[in-house]
Peer 1: 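Here's a structure for you.
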Amino acid sequence: MLSVLIGVLIICIVGAICFWAIDKFINEARLANLLKLLVVLICLAAILQRVLPLAGINWL
């Protein structure tokens, strides 16, 4: 359980770093929003991949 919590925290930190890098280096607003959406979807998928086995659901 603790390893899952640490993994989710690391995913959130990496997502936050990606958001910061997108804000800092991407000037076009439309591209920045699309990249942020992609980061959110990837982070959600990674979190679900770690949490769902705890609930007994084998997804991937």
Side-chain angles (χ1 to χ4, degrees):
M1 180 68 179
L2 185 62
S3 65
V4 171
L5 215 61
I6 291 171
V8 169
L9 183 64
I10 289 171
I11 291 168
C12 291
I13 290 171
V14 169
I17 291 170
C18 289
F19 262 62
W20 172 80
I22 290 169
D23 277 339
K24 184 157 179 77
F25 296 113
I26 305 296
N27 293 328
E28 189 177 340
R30 189 182 271 174
L31 177 61
N33 286 337
L34 286 173
L35 288 173
K36 286 179 185 178
L37 181 63
L38 182 65
V39 167
V40 167
L41 291 175
I42 290 172
C43 287
L44 281 176
I47 290 171
L48 282 176
Q49 189 177 13
R50 292 199 178 262
V51 171
L52 286 179
L54 290 178
I57 302 170
N58 291 329
W59 179 33
L60 289 177

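What's counted below: heavy atoms across the whole structure, side chains too, no hydrogens, waters or symmetry copies.
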Peer 1: Do the side chains of Val14 and Ile6 join up, straight or via other hydrophobic residues, at under 4.5 Å, putting them in one cluster?
Peer 2: yes
Peer 1: Could you give the distance from CG (Leu48) to SG (Cys43), rounded to the nearest 0.5 Å?
Peer 2: 11.5 Å
Peer 1: So if you build clusters from Ile, Leu, Val, Met, Phe, Trp, Tyr with side-chain heavy-atom gaps below 4.5 Å, do Val4 and Ile11 land together?
Peer 2: yes
Peer 1: Please give me the minimum heavy-atom distance between Leu54 and Met1, naming the atom from each residue.
Peer 2: CD1-SD, 3.9 Å
Peer 1: Any side-chain heavy atom of Val39 within less than 4.5 Å of one from Leu35?
Peer 2: no
Peer 1: Distance check, rounded to the nearest 0.5 Å: Leu9 atom CG versus Ile47 atom CD1?
Peer 2: 10.0 Å
Peer 1: How long is the straight-line distance from CD1 of Ile17 back to CD1 of Ile22, given to the nearest 0.5 Å?
Peer 2: 12.0 Å
Peer 1: Linking I/L/V/M/F/W/Y whenever any side-chain heavy atoms sit under 4.5 Å apart, do Phe19 and Leu41 land together?
Peer 2: no
Peer 1: I'd like a table of donor-acceptor pairs (distance under 3.5 Å, sequence neighbours excluded) in which one partner is a side-chain atom from residues 23-32, with atom names and distances.
Peer 2:
from: Asp23; atom 1: OD1; to: Lys36; atom 2: NZ; distance (Å): 2.7

